There are 2 protein chains.
Amino acid sequence: MKEYLQSFHLLTEDEIDTFLSKAEVYNLERGEYFIREGAISNTVAFVESGILRSFYVTPEGDEMTYCISFQNSFMTAYSSYISGLPTVENIQAITPVRLLLLQKKDIEQISETSTNGLRFAKLMAENEYMELERRVFSYQRESARERYENLLLTRPEFIEQIPLKYLASYLGITPRHLSRLRAEMI
Amino acid sequence: MKEYLQSFHLLTEDEIDTFLSKAEVYNLERGEYFIREGAISNTVAFVESGILRSFYVTPEGDEMTYCISFQNSFMTAYSSYISGLPTVENIQAITPVRLLLLQKKDIEQISETSTNGLRFAKLMAENEYMELERRVFSYQRESARERYENLLLTRPEFIEQIPLKYLASYLGITPRHLSRLRAEMI
DNA sequence: TTAATTAATGGACATTTGTCTTTTCTGCTC
DNA sequence: GAGCAGAAAAGACAAATGTCCATTAATTAA
């Protein structure tokens, strides 16, 4: 996490150490949950190793994969973290996972004492915004096949490491259709 | 704009007045542009009256409406504003529009002198994130008809006031299909 | 290692959505 | 009020995607 935080060139060494001093190690087995629907998200996880996926359940009972986090990234049910309202997301380990947990109260406390902490929180929100914008663009204008092809180009690790049934809902299509697209692309 | 800023209960009266003192009135006729593709976004517009739409052009030459802003909301090519990179968005007045413009350098200067300014910037980023999350959810799991029905419920002013050809691309469908959905819904 | 379970594939068909084009409607200008 | 231009609607057909189900492949558990 230290290297990751340094890569933004925003926080000082001391500020980074303060974050690290608050972090707790937390391990999950494959299939275990980091947060479940209905809870209020007040923890941010840094993924040291393994893969997490976030999904929500539709009224019809289908699981929709919203987000997938690999090594060296942050993961939380962000809109619940922001708003303090119960989340609709479930965040689950799809491999054994080693996390470093940061509590919201600690993050907020650092943000109150250090302007840089606040700047960093703003930067995170902005980065998340830009990532979602790319997704909106791709849903708006691309066919399912194009979305799959772009994922193959930009995030090959998704296709290599994530079960296809999760990828299908991430792309907004059915597993049947994803299987068909893959067959057509050989 | 003053009332709008007050509604967040975050900025002090003085801070709000500082923002207002930097704002410039700017009027656009129907069809005129606030920003064009390729420019770097360093201005935020508060819409005092009228309607703006943001669109980008696909490689095939189709205009895709990304975002629509009514009275009493902020509008900018946000990811370019954040990143400092050229935008892909065009922001156009679709009615005569009265704007209050805030320059990025002024906003940043206020954020440097006032922690509340920075908090406000963070809040804006978070709100934009949450709005996009809702859109991603809706593209992921809803059919075109459901997206249209939800828009009808949650943002009836969109259907009432926005040309359908713009709404179609906002929903990620063709005008032909939107017309069909509307015909089927009577 | 084998059995059991889950994931992925694929066939057959239905539904949704897109393409291309024409027609109708609406608002505007002269 | 006639004529024009752009927007919306709609017909006919094609392509994309979904549903339901059966089969095969891969994983997991005993």
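Here is the naming used below: chain letters follow the sequence lines, and residue numbers restart at 1 for every chain. As a basis for the values below, the full set of heavy atoms in this structure was taken, side chains included, without hydrogen atoms, waters or symmetry mates. These numbers were taken from a predicted model, which means no experiment stands behind them.
Checked for salt-bridge contact, B/Arg135 and B/Glu131 miss the test: no charged N lies under 4.0 Å from a carboxylate O. For A/Glu63 and A/Arg53, the salt-bridge test passes: some basic side-chain N is under 4.0 Å from an acidic carboxylate O.
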Grab the N/O contacts between the protein and nucleotides 13-17 of chain D below 3.5 Å, and write none if there aren't any.
unit_1, atom_1, unit_2, atom_2, d
D/dT17, OP1, A/Ala144, N, 3.0
D/dT17, OP2, A/His177, NE2, 3.0
D/dT17, O5', A/His177, NE2, 3.2

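Whole-Å rounding puts the A/Ile162 CD1 to C/dT6 P distance at 20 Å. Per the geometry, CD1 belonging to B/Ile159 stands 15 Å off C1' belonging to D/dA8, to the nearest Å. Note: CD1 (A/Ile94) to C1' (D/dT27) measures 15 Å, nearest angstrom. Atom-to-atom, CD of A/Glu160 to P of C/dA8 comes out at 15 Å; the value is rounded to the nearest Å. Look at CG on A/Leu178: it is 7 Å from P on C/dT9, rounded to the nearest Å. We find that OH of A/Tyr148 is positioned 13 Å from C1' of C/dT9, with the value rounded to whole Å. Look at CD on A/Glu60: it is 17 Å from C1' on D/dC20, rounded to the nearest Å. Distance, B/Lys165 NZ to C/dT26 C1': 14 Å, rounded to whole Å.
Each of B/Leu164 and B/Arg176 lies near DNA chain D, and the nucleotide nearest B/Leu164 is the one positioned closer to the 5' end.
The two residues B/Phe158 and B/Phe70 make their nearest non-hydrogen contact at CE1-CE1, 3.4 Å.
Within the 4.5 Å cutoff, side-chain heavy atoms of A/Leu102 are placed close to those of A/Phe19. With a 4.5 Å cut-off on side-chain heavy atoms, B/Gln71 and B/Glu157 do not count as touching.
Going from atom OG of A/Ser54 over to atom CD of A/Glu37 covers 11.0 Å, rounded to the nearest 0.5 Å.
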